[in-house]
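What you are looking at is a predicted structure, and each value in this text was computed from that prediction instead of being measured. Counting starts at 1 for both ligands and their atoms, in listed order.
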Amino acid sequence: MKKVDHIGVAVKSIDNSLDYYIHTLGLSLLAIEEVASQGVRVAFLDAGNIKIELLEPLATDGPIAKFIEKRGEGVHHIAFGVTDIRTRMVELKEKGVQLLQEEPKPGAGGAEVAFLHPKSSFGVLYELCDKSGKGE
Ligand code: ZN
């Protein structure tokens with residue numbers, strides 16, 4: 001893992017929290033997008049060397065909705081930027097890391113993503129985020 005691409009933050013409403021990020025903290029909005037495969041609407045904010053990804057649940061039974069219900073709004077995951085995500089997944093599995101899925105899933109901005117089980121990562125939900133071929 002060479003760099004952190006973004007930090008995912010679960011919010012009840014992007015519309016209600018954007019004003020804080022843009023006007024209070026002074027970050028600029030990069031994009032808002034629905035990621036149907038993950039049941040979320042996301043907003044990416046530019047925080048200099050990394051991005052902040054706000055995650056708003058689209059349905060009450062999705063993982064983000066459940067996270068907010070259990071733990072409230074807050075930091076949800078940390079995403080490493082990787083290349084060749086399938087190879088990274090195999091390498092991690094060989095090292096005994098439990099992944100939350102077998103195959104990468106489509107993420108925001110055309111990225112391919114996969115998550116590491118927090119039980120394998122000392123309580124942190126880590127994401128692998130591969131944007132190779134997307135100009136980044
Ligand atoms: Zn993410």
* Structure fact -> Taken in chain and number order and not counting sequence neighbours, the residues that satisfy side-chain hydrogen bond (donor to acceptor under 3.5 Å, both in side chains) with Glu103 are Arg86
* **NZ/Lys12: more than 12 non-hydrogen atoms of other groups inside 6.0 Å** => no
* To do: Just the protein N/O/S atoms under 2.8 Å from the Zn ion (ligand 1), please, no waters.
  => His6 NE2, Glu53 OE1, His77 NE2, Glu127 OE1
* Structure fact -> Ile50 and Val4 have their tightest heavy-atom pair at CG2-O, 3.2 Å
* Taking the side chain as every heavy atom from C-beta outward, state whether Leu45 and Leu54 have any atom pair closer than 4.5 Å. => yes
* **Ring centres under 6.0 angstrom apart (Tyr126, His77)** => no
* To do: Could you tell me whether Glu91 and Arg88 have a side-chain N and a carboxylate O separated by less than 4.0 Å?
  => yes
